[in-house]
Amino acid sequence: MPDARVRTRFAPSPTGALHFGSVRTALFAWLTARHAGGAFILRIEDTDQERYIPGTEALILETLSWLGLNWDEGPEVGGPHDPYIQSLRIAVYREHADTLVADGNAYWCTCTPARLAAMREEQRARSEPTRYDRRCLTRQAEVAVERANGIAAVVRLRMPDGVSEWDDLVRGHVSFNNADIDDQVLLKSDGFPTYHLAVVVDDHLMEISHVIRSDEWIPSTPKHLALYAAFGWDPPRFAHVPAVLGPDHQKLSKRRGARNVLEYGELGYLPSAIVNAIALLGWSSGDEQEVFTPQELIERFTLERVNSAAAIFDPKRLDDLNGIHIRRMSTDDLVEALEFPLPGTSKETRRQLIPMLRERMVTLADATRLCAPLLGEIKLDESVEFPPKKVDQATAVKMIDACIEAIVDGGLDNHAALLERLRAVAEAAGVKPRDAFRVLYIAVLGSPTGLPVIEAMMFLGKEKSLQRLSDARARLG
RNA sequence: GCCCGCAUCGUCUAGCGGUCAGGACACCACCCUUUCAAGGUGGUAACCGGGGUUCGACUCCCCGUGCGGGUACCA
């Protein structure tokens, strides 16, 4: 159902590069917007000055762009709700916090961190939930004096009584008893808002219709709902997507080695394959299709089909999908994509290589290894048996001599004739072609495996091929 | 401690009271084959445990267990 009113956002904090977990959340939000024909907004949540890591903001934009997750409003492109960087919107949050205090939905608090810590410790000891005891709420006149005297103060949400509940698009009905929920700090003593205040104010002001975020936010949602109610605003729909776990069953995190998604590009993974792989982490189409282009994903994706259980990322699955996406690429696109793994080659050279390469790459980087014997000299590897197993010296000599002879006679243009002639020699020697041909692979490529040998020789040309064959012939004695 | 969530092959998942529990990755075998791949065919492999509800539970309810998350003047 096209619905231009659907507005989703991805709101990362610039505290590090994006990993598969965060990118998947971004993807789900992007797909939801694109599926509906709505808008996708990017907002930078940099309200924590302590954790800010310079440069990561640029990294985030680069990652999303590389993956093709384009945003309609946000950094670089602007939009009607500019700025989209929270540290530039401090006045807005401050104003809203004042309103909350004026209406009695929030209050100033001057409790010290030390008192708070002691309080929580006692609560734990009594098996009670840890939450602010509202000491300052009962002494607001004194707090006002303290503030006037320059004592550090924060604004806390006055969590209402009752129950908080909502129908989560992936979880279904969720409810919390408000008595278990803390009076959250909304404005820190440094004047910056906490996430909770900023996210609600911005999501409302930016007209976000669907808040799609990771499920670690579930316990905070009652606080957000209380804020919407306090402001008199309609809350958005919520969709809490499950976590992505690493092979150790722990949540993906930078510490513990979760890779920066951009690194996958350097390793030769395609954006479309990565998008496909992470979409399948928690989402399924409902039929048996598992290979999707980004466009197909846009058509098929709905939040209702997102699974609520955490998923472990499987690199093998990405490899499989990457190979499939490479095989489905057009030759022109491959010519471009191969420039990085095959530096210094011409477009024409890459075009010639592609037919041999296409079915053999898991990542684009495999092209480097596979093409090395064709683009440079072969390296003699001591560990490569020559002649190979199941082939005796005499047969090896016959294969090489026959190959040299055939090339001298007929050149390299007639692929079929050359193949036929070599097969005949192998059979006459009583050796299976599969074994006998290994001799040629080692001679021409330096390895018993690799690109198809006749095609490789055609690429190398007559002179170079003959040279390698006679070098190998000499090694056989 | 307190609160919340999740639970099907090793992994990602389908399933929405009655199925031989399906697919994909990985793995194994075979076929194809100039190597390696790719492709094709087949195979091994799962409903966390215990109670209910029901004529009948993977499916609904409860308890337990396990795992994850929250519990901050971090997001």
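Naming: A, B, ... by sequence-line order, numbering from 1 per chain. Keep in mind that this is a model prediction, so the values were computed, not measured.
- Residue contacts for A/S189: at a heavy-atom cut-off of 4.0 Å it reaches a base atom on one of the strands shown.
- Contact annotation: A/R327 side-chain N/O to B/rG39 OP1/OP2 distance is under 4.0 Å.
- The shortest distance between the side-chain N/O atoms of A/N177 and the OP1/OP2 oxygens of B/rC2 is not below 4.0 Å.
- For an aromatic pair to be called close, the ring centres must be under 6.0 Å apart, and A/F20 with A/Y264 satisfies this.
- A/Q123 has its CD atom 13 Å from the C1' atom of B/rC3, to the nearest Å.
- Partner assigned to B/rG49 is B/rC63, using Watson-Crick or G-U wobble distances below 3.5 angstrom.
- Within 4.0 Å of A/R305, counting heavy atoms only, lie sugar-phosphate atoms of the nucleic acid but no base atom.
- When heavy atoms are screened at a 4.0 angstrom cut-off, A/S214 is found touching no nucleic acid atom at all.
- Scanning atom types as modelled, no donor and acceptor separated by under 3.5 angstrom connect the side chain of A/R438 and the base of B/rU35.
- Side-chain contact of A/R213 with A/H240: a donor-acceptor pair under 3.5 Å is present, judged by distance alone.
- The shortest distance between the side-chain N/O atoms of A/K188 and the OP1/OP2 oxygens of B/rA75 is below 4.0 Å.
- Taking the six-membered ring wherever Trp is involved, the centroid distance between the rings of A/F301 and A/W283 falls below 6.0 Å.
- One interatomic measurement links the two molecules: CD1 of A/I400 to C1' of B/rU34, which rounds to 15 Å at whole-angstrom precision.
- The pairing partner recorded for B/rU33 is none, the criterion being a Watson-Crick or G-U wobble arrangement whose two distances lie under 3.5 angstrom.
- Residue A/R423 places no side-chain N or O under 4.0 Å from the OP1 or OP2 atom of B/rU35.
- Remark: A/R156 is in phosphate contact with B/rC73, judged by side-chain N or O atoms under 4.0 Å from OP1 or OP2.
- Across all strands shown, A/T130 has heavy atoms under 4.0 Å from base atoms, whether or not it also approaches the sugar-phosphate.
- B/rC55: Watson-Crick or G-U partner is B/rG18, with both key distances under 3.5 Å.
- Counting heavy atoms from C-beta outward, A/D319 and A/Y269 have side chains that approach closer than 4.5 Å.
- Side-chain contact check for A/N276 and A/H325: at least one donor-acceptor pair (N or O, by modelled atom type) lies under 3.5 Å.
- When the C1' atom of B/rA37 is taken as reference, atom CZ of A/F437 falls 17 Å away, rounded to whole Å.
- In this structure, A/W217 reaches the bases: a heavy-atom distance under 4.0 Å links it to at least one base atom across the strands shown.
- Of all nucleotides present, only B/rU11 satisfies the Watson-Crick or G-U wobble test against B/rA24, with each distance under 3.5 Å.
- Between B/rG42 and B/rG50, the two P atoms lie 35 Å apart (nearest whole Å).
- Rounded to whole Å, the separation between the P atoms of B/rG10 and B/rC6 comes to 23 Å.
- Here B/rC73 sits opposite no nucleotide as a Watson-Crick or G-U wobble pair (both hydrogen-bonding atom distances under 3.5 Å).
- Across all strands, A/F176 comes closer than 4.0 Å only to sugar-phosphate atoms, never to a base (heavy-atom distances).
- Residue side chain A/H415 reaches the base of B/rU34 through a donor-acceptor N/O pair under 3.5 Å, judged by distance alone.
- The closest side-chain heavy-atom distance from A/T221 to A/S164 is not below 4.5 Å.
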